[in-house]
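Okay, so here's the structure we're looking at.
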Amino acid sequence: MGIEFVEVTAERLVATMPVAGNTQPYGLLHGGASVVLAETLGSFGAMLSAGEGRVAVGVDINATHHRSARDGLVTAVATRVSAGRTLASYEVVVSDAQGRRVCTSRITCLLRDAVPGA
């Protein structure tokens, strides 16, 4: 997928991904690739929110695709919406090289204790 992290905190994550190699047959950024990018950031942020000895497990993700991207890099910014003892939610905005919104996604992860020995 070529995802590269630019900024990583529990509250905000930023990453880029090339359009090339992540397209559907018409040469447009595949919607599923946008969702993979969103889930990568949201899940990683949720793991940071969960804390040591805990894990995050995705329970819901949705995406709205606003426009297409044909080339260059897309940038995703994941912002924590909420985090408690059992759930963490992030809004992820994917934008093209011109700063235009390509996709908006929301991911919610269950936060739980890690299984011993796993």
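Residue numbers start at 1 and run along the sequence shown. Computed from heavy atoms alone, side chains included, the values below leave out hydrogens, waters and symmetry copies. Quick caveat: nothing in here was measured; it's all calculated off a predicted structure.
Between the side chains of Ser49 and Arg80, a donor-acceptor pair is found at a separation under 3.5 Å. Side-chain contact, Ser82 with Tyr90: no donor N or O sits under 3.5 Å from an acceptor N or O. Between His66 and Thr104, the side chains place a donor N or O and an acceptor N or O closer than 3.5 Å (distance only, hydrogens not considered).
Under the 4.5 Å side-chain heavy-atom criterion for Ile, Leu, Val, Met, Phe, Trp and Tyr, Leu29 and Val14 are members of distinct hydrophobic clusters. Hydrophobic clustering (side-chain heavy atoms under 4.5 Å, transitive across Ile, Leu, Val, Met, Phe, Trp, Tyr) keeps Val8 apart from Met47. No chain of hydrophobic side-chain contacts below 4.5 Å, direct or via other Ile, Leu, Val, Met, Phe, Trp or Tyr residues, connects Leu28 to Leu37. Cluster annotation: Leu48 is not connected to Val6 through the hydrophobic network of ILVMFWY side chains, with a link wherever side-chain heavy atoms come within less than 4.5 Å.
The only member of Val94, Asn22, Thr16 that meets side chain to side chain contact (heavy atoms under 4.5 Å, CB included) when paired with Val74 is Val94.
Counting heavy-atom neighbours within 6.0 Å of Arg100 CZ, excluding the residue itself, gives a total above 12. Other residues, nucleotides and ligands contribute at most 12 non-hydrogen atoms within 6.0 Å of the CG atom of Asp71. Under a cut-off of 6.0 angstrom, the local environment of CD in Gln24 is crowded, with over 12 non-hydrogen atoms contributed by other residues, nucleotides or ligands. Surrounding CZ of Arg54 are more than 12 heavy atoms belonging to other residues, nucleotides or ligands, all under 6.0 Å away.
Salt-bridge formation is detected for the pair Asp60/Arg106: a Lys NZ or Arg NE/NH1/NH2 atom is positioned less than 4.0 Å from an Asp or Glu carboxylate oxygen.
Put simply, the side chain of Ile107 reaches to within 4.5 Å of the side chain of Ser43, judged on heavy atoms. Considering only heavy atoms from C-beta on, Cys109 stays 4.5 Å or farther from Val59 through its side chain. Using a 4.5 Å cut-off on side-chain heavy atoms (C-beta onward), Val77 and Arg12 make contact. Side-chain atoms of Glu91 and Ser105, non-hydrogen and from C-beta on, never get closer than 4.5 Å to each other. Looking only at side-chain heavy atoms (C-beta outward), Arg101 and Val93 come within less than 4.5 Å of each other.
The two atoms that bring Leu41 and Ala76 nearest to each other are CD2-O, 3.6 Å, heavy atoms only. A pairwise comparison of heavy atoms in Ala63 and Val35 identifies CB-CG2, 3.7 Å as the closest pair. The minimum heavy-atom distance linking Ala69 with Val102 is given by the pair CB-CG2, 4.4 Å.
To the nearest 0.5 Å, atom CG of residue Leu110 and atom CG of residue Leu87 are 6.5 Å apart. With rounding to the nearest 0.5 angstrom, the CG atom of Asp96 is 11.0 Å from the CG atom of Leu73. A distance of 4.0 Å separates OG1 in Thr40 from CD1 in Ile3, rounded to the nearest 0.5 Å.
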